[in-house]
Number of protein chains: 2
Amino acid sequence: MRILLIEDDTVLGAAVRDQIAADGRSVDWVTRLDAAEDALRGAGYDLILLDLMLPDGRGIGFLKALRSRGEVTPVIVLTALDQVTDRIEGLNAGADDYLVKPFDLAELSARIGSVARRYSGNPNPIVTHGALEIDLSARSIHRDGRPIQLTAREWALFEAFLSRPGQLLSKAQLEDKLYAFNAEVESNAIEVHVSRLRKKLGSAVIETERGMGYRLGRP
Amino acid sequence: MRILLIEDDTVLGAAVRDQIAADGRSVDWVTRLDAAEDALRGAGYDLILLDLMLPDGRGIGFLKALRSRGEVTPVIVLTALDQVTDRIEGLNAGADDYLVKPFDLAELSARIGSVARRYSGNPNPIVTHGALEIDLSARSIHRDGRPIQLTAREWALFEAFLSRPGQLLSKAQLEDKLYAFNAEVESNAIEVHVSRLRKKLGSAVIETERGMGYRLGRP
DNA sequence: GCCAAGCTGACAGGAACCTGACGGGCCGGG
DNA sequence: CCCGGCCCGTCAGGTTCCTGTCAGCTTGGC
């Protein structure tokens, strides 16, 4: 498993690099986006850790450019706590996960392990859930051979359920996953997204635990 | 930490089970894949030890099926097949580690500890009470592999008993736990909820101390 | 047998949830 | 620069089903 770390803070970068190495994974560390471009040209990375605040450009634009040219390598964004809008923007741009600085290195290892399990090893990482066929790396879903298109928010929501099958997730937890911690969603946005997901995926996929939250139903 | 051991060799199985128990971890041991399926339906395992040669099917297929339905529980494969192709196959199928028989039991402990540390980020504490398996974070209860659905209030009540096993809880204490301080409950709401809980969980779970209150019965 | 305490089926009110509709914001094309 | 399409948060009206209350019954102590 090869990881590309894009981080200009030398202290944090070194700590992250050492942590990844201690987990037995291979890591390349660059501090600038142009260096990252060069590294990616060599290809072969399984995961990108991307800091959003860099000296020579905005990480968001880099991520968007990456996705727009069809790059599917999973990206975990590292962002400072106060950049709330960045976080939402990053999700729309195609990030797979977030870590808000300052983050626990053990947490980083867990997230990397999670991504690694989902994407690596298996050359064709198709997950099935009932009649649904889910390709996590391509972010596509099929049912009966027919493709189902999800929007960014819908995918993020569905992924939250997929990563913890059977787990009960409260609306507050889902809001934390979809939005910044303190981003106030003063309405029933989660309910609406669940409703839209059910319409696309089938009503039995997500179950409601009234008063407590939602969970992914057993296939 | 709950571990599911899938191993048909009774001598080796017993040795492994005893070793894990000696390490202070909880083990369930099954000898067939269909029994493993049943055990997993109850969910809540933190690690699976999987023998690849079993009487009722190939372990590889089992592991692939597990991963294809989104199960992320780490798996350590136990195999006598000391061949490169089998190792590669096992890892591609989603195994996290493997041990080639005959293996040293201390080595097994070390691998388990390693996996436990790596995945300690997503704890899934399972409490058992008699035939009930309770996952507090997922808010799910299983009995004989079958799920039991509780409402929000019923959970709050049951949690109050679980957090103080064997201790007598008066109705006033339970009311404080279930409702806001000044919420006036002028009726037998607690009695009603206890009744509903007993109907779902079994009548022996909660005992009545006439004139005093309720307590969680001995399993 | 009598009374207090607890149990449980039934029910109505309302909190929680669902969903169709709408408009603002963003983006790409013309 | 304008226009159309899409995504997404908000809102309102309808629906579901949780839950407190009550009444009648059972249980247990004396």
Side-chain angles (χ1 to χ4, degrees), chain A residues 58 60-61 63-65 67-69 84-95 139 148-158 160 168-172 174-175 177-180 182-215 217, chain B residues 139 148-158 160 168-172 174-180 182-215 217:
Chain A
R58 299 245 310 149
I60 283 286
L63 177 53
K64 279 184 179 169
R67 291 290 184 240
S68 72
R69 64 171 188 255
V84 168
T85 53
D86 280 357
R87 225 179 147 205
I88 297 174
E89 212 178 335
L91 180 65
N92 288 333
R139 298 197 160 207
I148 297 175
Q149 293 281 340
L150 295 189
T151 69
R153 277 282 191 293
E154 287 162 0
W155 184 263
L157 184 63
F158 190 45
L168 184 84
L169 297 173
S170 70
K171 284 186 196 172
L174 293 171
E175 281 171 10
K177 184 86 183 171
L178 291 200
Y179 311 97
N182 47 0
E184 69 295 340
V185 191
E186 321 160 354
S187 77
N188 60 347
I190 297 294
E191 292 175 16
V192 173
H193 279 299
V194 167
S195 174
R196 287 171 181 157
L197 251 190
R198 282 175 173 154
K199 199 179 222 172
K200 290 185 178 179
L201 301 181
S203 53
V205 173
I206 297 172
E207 298 171 351
T208 301
E209 299 281 336
R210 186 169 270 251
M212 296 190 289
Y214 299 92
R215 79 171 81 225
Chain B
R139 294 207 163 193
I148 297 175
Q149 300 260 342
L150 296 189
T151 69
R153 278 271 194 275
E154 287 161 3
W155 254 108
L157 183 62
F158 191 43
L168 185 78
L169 295 171
S170 71
K171 285 183 194 171
L174 293 171
E175 281 171 11
D176 287 348
K177 191 98 179 165
L178 289 204
Y179 307 99
N182 48 359
E184 69 294 341
V185 192
E186 319 160 356
S187 77
N188 61 345
I190 297 294
E191 292 175 15
V192 173
H193 279 298
V194 167
S195 172
R196 287 172 181 155
L197 252 189
R198 282 173 173 156
K199 198 180 223 172
K200 290 186 178 178
L201 301 181
S203 52
V205 173
I206 297 172
E207 297 171 351
T208 302
E209 297 283 331
R210 203 178 173 78
M212 309 288 293
Y214 300 93
R215 71 161 43 114

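Throughout, a chain's letter reflects where its sequence line sits, starting with A, and its residues are numbered from 1.
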Tell me the interatomic distance from [X], atom [atom1], to [N], atom [atom2], rounded to whole angstroms.
X	N	atom1	atom2	answer
A/Leu197	C/dT19	CG	P	12 Å
A/Glu207	D/dT16	CD	P	18 Å
A/His193	D/dC11	NE2	P	15 Å
A/Lys171	C/dA15	NZ	P	14 Å
A/Ile206	C/dT19	CD1	P	11 Å
A/Gln149	D/dG5	CD	P	18 Å
A/Arg196	C/dC18	CZ	C1'	12 Å
A/Met212	D/dT16	CE	C1'	16 Å

task = Tell whether A/Arg210 reaches the base of C/dG14 with its side chain through a donor-acceptor pair below 3.5 angstrom.
result =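 Under the 3.5 Å cut-off, the side chain and the base do not form any donor-acceptor pair.
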
ask   = When you measure from the side chain of A/Arg198 to the backbone N and O of A/Ile206, does any donor-acceptor pair fall under 3.5 Å?
value =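 Side chain of A/Arg198 to backbone of A/Ile206, a donor-acceptor pair under 3.5 Å: yes, one is there.
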
ask   = Contact class for B/Val192 vs. all strands (heavy atom < 4.0 Å): base, sugar-phosphate, or nothing?
value =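 Base contact.
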
query = Do you know the tightest heavy-atom contact between A/Leu178 and A/Ala156?
reply =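 That would be CD2-CB, 3.5 Å.
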
Taking 4.0 Å as the cut-off, does a side-chain nitrogen or oxygen of [X] come that near to OP1 or OP2 on [N]?
X	N	result
A/Tyr214	C/dC18	yes
A/Lys199	C/dG20	yes
B/Arg198	C/dC7	yes
A/Ser195	C/dG20	no
A/Thr208	C/dC18	yes

request  = Drop me the distance from B/Ser170's OG to B/Met212's CE, to the nearest 0.5 angstrom.
outcome  =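 It is 9.0 Å, given to the nearest 0.5 Å.
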
ask   = To the side chain of A/Arg153, which of C/dG6, D/dC8, C/dC17 is closest?
value =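 Between C/dG6, D/dC8, C/dC17, the one nearest the side chain of A/Arg153 would be D/dC8.
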
key: Result of checking B/Glu191, B/Glu209, B/Glu207 against B/Tyr214 for side-chain contact (heavy atoms from CB on, under 4.5 Å)   =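 Only match with B/Tyr214 under side-chain contact (heavy atoms from CB on, under 4.5 Å): B/Glu191.
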
inquiry  = Tell me whether B/Glu154 is salt-bridged to B/Lys200, with the criterion being a basic N under 4.0 Å from an acidic carboxylate O.
reply    =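 Salt bridge flag = yes for B/Lys200 with B/Glu154.
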
